[in-house]
Student: 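Please see the structure below; I have some questions.
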Amino acid sequence: MRLVRFGAPGHEKPGVVLSDQGHGDKGFGDKRRKDCSAHFKDWDHAFLQGGGLARLARLLADSANSLPDVPESERWGACVARPRKVICIGLNFSDHAAESGMPVPAEPIIFMKGSNTVIGPYDTVLIPRGSTKTDWEVELGVVIGRDTRYLASVADAAGAIAGYCVSNDVSERAFQLERGGQWTKGKSCDTFNPLGPWLSTSDEISDPQALGMRLDVNGARKQTGNTRTMVFGVHHIVHYLSQFMTLEAGDLISTGTPPGVGLGQKPPKFLGVGDVMELEIEGLGVQRQRCEAA
Ligand code: ZN
């Protein structure tokens, strides 16, 4: 299933994209969005933790085509409700660690990002006041499917995952690296986490470690990668995190970015007002954001 949310910011309703055609290229096929709001309140913690995905599967099996269409003009919201937490994995592609001038980590590097950064996949990204180094990071987003603590094995992680989506871990490098302390200042600026267009449930993604990734700025390819070159795979990460904290249903984990970020260009190149990012992960759709001044 492909879960979407639509409507004005803060007032999104749950829907689905019928996934019988298309594979996440530019033909979004807005007409294929279906409104599930008569049956579900939102794609949130209560939905996932309460077994909502199984109920949604039954609804779609019985009556997918009789659900109302979502009007084409409706905004695409983030594909899940505001997560209780957003966890990011740093330097999880060896070639990105190299371009950042940092060693490949022996254990996953984790940091947190404010969950109020999450916006829709086509919303505007705001370049913060005083920023000179706003940067892009295409990442595979993992959404947790049930409250999870102390997973016994890496293999058990699969059962804790609701699905996958595209996540843009927008970053301000000067705030992140030149202003002292941890990375939070450069990671948690408003609008710094476009998410979606849809959440593909994990049954649709046969191998999360075999997904092509790309990001373009103003039509020029910047990042090309594949989830197979992650240092720590998705299941390893979920098992690892569960040893430190409860992962709650609906939490978002962004699993690291492949090479080609602005910081790694020679010379470095960052985003300015009017620039347009376009991101894609195989099977998970395309995002596009224009940058404006905060
Ligand atoms: Zn990142």
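Keep in mind that the numbers below use all heavy atoms, side chains included, and drop hydrogens, waters and symmetry copies. The structure presented is a predicted model; accordingly, all values stated were derived computationally and were not measured. We count ligands from 1, going down the list as the structure has it; atoms in each ligand are counted the same way.
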Student: What number of protein N, O or S atoms occur at distances under 2.8 Å from the Zn ion (ligand 1)?
Tutor: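 Count of protein N, O, S atoms less than 2.8 Å from the Zn ion (ligand 1): 3.
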Student: W43 vs F47 aromatic rings, parallel, tilted or perpendicular, using cut-offs 30° and 60°?
Tutor: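 Taking F47 first and then W43, their aromatic rings sit tilted (interplane angle of 30° to 60°).
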Student: For H39, check ring pair (Phe, Tyr, Trp, His ring centres under 6.0 Å) against everything at least two apart and list the hits.
Tutor: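 Listed in chain order: nothing, the list is empty.
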Student: With heavy-atom distances below 4.5 Å as the criterion, would you say the side chains of I237 and T255 are in contact?
Tutor: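 Counting from C-beta outward, I237 and T255 do come under 4.5 Å.
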Student: On a heavy-atom basis, which atom in P103 and which in L91 lie closest, and how many Å separate them?
Tutor: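 Minimum heavy-atom contact is O-CD1, 4.2 Å.
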Student: Between K187 and E137, is the closest basic N to carboxylate O distance under 4.0 Å?
Tutor: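 Salt bridge flag = yes for K187 with E137.
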Student: Should R33 and E74 count as an ion pair when the cut-off is N to O under 4.0 Å?
Tutor: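 Between E74 and R33 there is no salt bridge, as every charged N stays at least 4.0 Å from the carboxylate O atoms.
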